[in-house]
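Shown next, in structure tokens, is the structure this report addresses.
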Amino acid sequence: MTENAWTRWPSREALSRKERTRPRRLFASAVRLMVLAILLWGASTSSVVHGWGAVGATAGVLMAALVAWAFYRTTFEHRLWSSLALVTGLLGLALAAQAVGFRVPALVIWCGCAVTALERLPLAAALPMASAGLASYAAFNDDAWLTTAATAAGLALVGYVVRLDAEARGSAERLLAQERAALAAEAESAALGERARIAREIHDVLAHSLSAQLVHLEAARLLIERDADRDQILERVVAARGMAREGLEETRQALSALRGELTPLEDFLTQLVDTTTAAEVTITGEHRPLPAEASQAVRRVAQEALTNVRKHAPGAEVRVRLEYGEHQVMLDVRDSGGSAGELAGSGAGYGLLGMRERAELLGGSLEAGPDKEGFVVTLKVPV
């Protein structure tokens with residue numbers, strides 16, 4: 001059953017002294033020590049008792065301090081019946097002190113019980129305890145009734161204000177803890193996202209590099225099986241070695257990109273098509289810097305598309321068009337078609353699938369398929 005305002009305990013953050021600032025803790029400790037010192041001084045110097053009576057009075061004050069400490073512990077642990085028993089014991093000790101003539105200590109204990117009960121107990125239990133303490137104070141106080149009533153009302157108001165202040169502090173502490181947890185979760189999520197991005201970049205670089213090397217190594221194998229000329233075989237092996245070097249360079253570029261050190265996209269595309277015969281690059285729209293992931297997506301798709309041209313339509317003319325739009329960037333790679341190469345069946349066929357997944361993660365799209373002349377790959381990424 002949901003607790004209401006009358007049966008709800010103050011939060012442990014509100015009851016704990018650890019969550020208070022150091023000046024507040026020092027002030028609270030100083031007040032408690034001062035009250036204890038006043039009570040001990042009154043018990044030891046009272047003219048009512050002498051000798052062993054003064055010792056007994058001092059022991060009674062120390063016992064009241066011990067009971068008050070236990071009351072603080074049980075209220076912090078939200079143990080209702082133990083707390084009520086302890087505060088009732090304090091009221092009884094005050095009544096006993098009044099009976100033997102220790103009027104001031106008794107009044108202090110009654111007032112302290114009223115304020116502390118309002119601060120630390122559920123309201124349904126705090127009001128009877130506070131009423132008992134203030135009623136006892138009013139009954140045995142010798143001041144004018146108006147002064148006594150005003151003092152009792154002021155003490156009740158002080159207890160409730162202290163309660164509200166503690167609850168506000170506890171709420172602020174819980175909100176701060178939630179904010180810290182949210183920041184920690186956000187940092188962890190960002191770290192996981194960064195790890196996934198790094199893994200995706202390295203995977204794409206290796207997939208492209210190894211796929212390109214496989215094209216040339218497979219060609220070399222076919223040439224060897226056909227007893228081709230040594231120079232032709234050597235050409236393929238040298239090309240595979242060049243692809244390995246390019247793969248290392250692309251890995252370095254990917255790591256640089258992850259650090260935000262991207263080379264201009266236009267320069268990258270120009271360098272890329274320089275390795276492809278009969279290829280040209282066209283750039284339209286107003287150039288502007290792209291986010292790192294969008295720029296990397298364009299680069300990877302361009303690499304994969306040109307690799308596919310070398311595999312499936314060797315010697316075909318290739319047109320690469322990069323278009324900067326208002327809200328997106330588009331890359332269009334199309335070839336003029338031609339007879340399928342001997343390596344058309346090499347590779348696992350996951351290159352464009354991986355590029356499509358990358359585009360969708362960025363909220364974009366990738367379309368790949370034949371057109372009237374050859375094959376077209378179109379990437380659209382929002383920026």
Side-chain angles (χ1 to χ4, degrees), residues 4-42 61 64-65 67-76 78 80 83-84 86-95 97-98 102-173:
N4 57 33
W6 291 95
T7 58
R8 184 178 64 248
W9 282 87
S11 66
R12 284 185 170 85
E13 293 84 1
L15 297 178
S16 174
R17 290 178 294 177
K18 295 180 180 179
E19 309 302 336
R20 301 178 184 178
T21 61
R22 181 176 177 82
R24 291 174 68 100
R25 292 199 302 270
L26 292 176
F27 177 75
S29 299
V31 170
R32 294 188 182 96
L33 290 175
M34 183 179 66
V35 171
L36 180 61
I38 291 174
L39 294 177
L40 289 173
W41 176 260
V61 171
V67 173
W69 175 84
F71 173 73
Y72 272 75
R73 296 299 305 170
T74 56
T75 53
F76 178 76
H78 292 178
L80 180 61
S83 301
L84 291 177
L86 289 170
V87 74
T88 301
L90 283 173
L91 294 174
L93 285 174
L95 187 61
Q98 175 67 31
F102 292 105
R103 175 174 171 275
V104 173
L107 295 178
V108 171
I109 293 174
W110 281 325
C111 294
C113 285
V115 172
T116 307
L118 287 172
E119 177 190 2
R120 303 183 70 86
L121 288 174
L123 286 177
L127 289 178
M129 293 295 102
S131 298
L134 294 176
S136 300
Y137 165 79
F140 292 99
N141 189 26
D142 294 336
D143 294 335
W145 69 269
L146 186 59
T147 302
T148 301
T151 302
L155 289 171
L157 181 61
V158 167
Y160 189 65
V161 169
V162 171
R163 178 192 186 93
L164 293 179
D165 177 71
E167 289 184 344
R169 187 179 63 254
S171 298
E173 188 63 32

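These numbers come from the heavy atoms of this one structure, side chains and all, not from hydrogens, waters or symmetry mates.
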If you take all heavy atoms of [X] and [Y], which pair is closest and at what distance?
| X | Y | value |
| --- | --- | --- |
| A94 | A106 | O-CB, 3.2 Å |
| L86 | V67 | O-CG1, 3.5 Å |
| L90 | I109 | O-CG2, 3.5 Å |
| A126 | A117 | CB-O, 3.1 Å |
| S11 | H78 | C-NE2, 4.4 Å |

Do [X] and [Y] have side-chain heavy atoms sitting under 4.5 Å apart?
| X | Y | value |
| --- | --- | --- |
| V161 | L157 | yes |
| W110 | L91 | yes |
| T148 | Y137 | yes |

### Task
Mark yes or no for whether R120, through its side chain, and Y72, through its backbone, hold a donor-acceptor pair below 3.5 Å.
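Checking the backbone N and O of Y72 against the side chain of R120, a donor-acceptor pair under 3.5 Å is found.
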### Message
Given 3.5 Å as the limit, does a donor-acceptor pair link the side chain of R163 with the main chain of L121, or not?
### Response
yes
### Message
Side chains of S83 and T75: any donor to acceptor distance under 3.5 Å?
### Response
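No, S83 and T75 have no side-chain donor paired with an acceptor closer than 3.5 Å.
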How long is the gap from [atom1] on [X] to [atom2] on [Y], to the nearest 0.5 Å?
| X | Y | atom1 | atom2 | answer |
| --- | --- | --- | --- | --- |
| T151 | L146 | OG1 | CG | 9.0 Å |
| C113 | M129 | SG | CE | 9.5 Å |
| T116 | F71 | OG1 | CZ | 6.5 Å |
| L164 | L118 | CG | CG | 10.5 Å |
| L123 | Y160 | CG | OH | 6.0 Å |

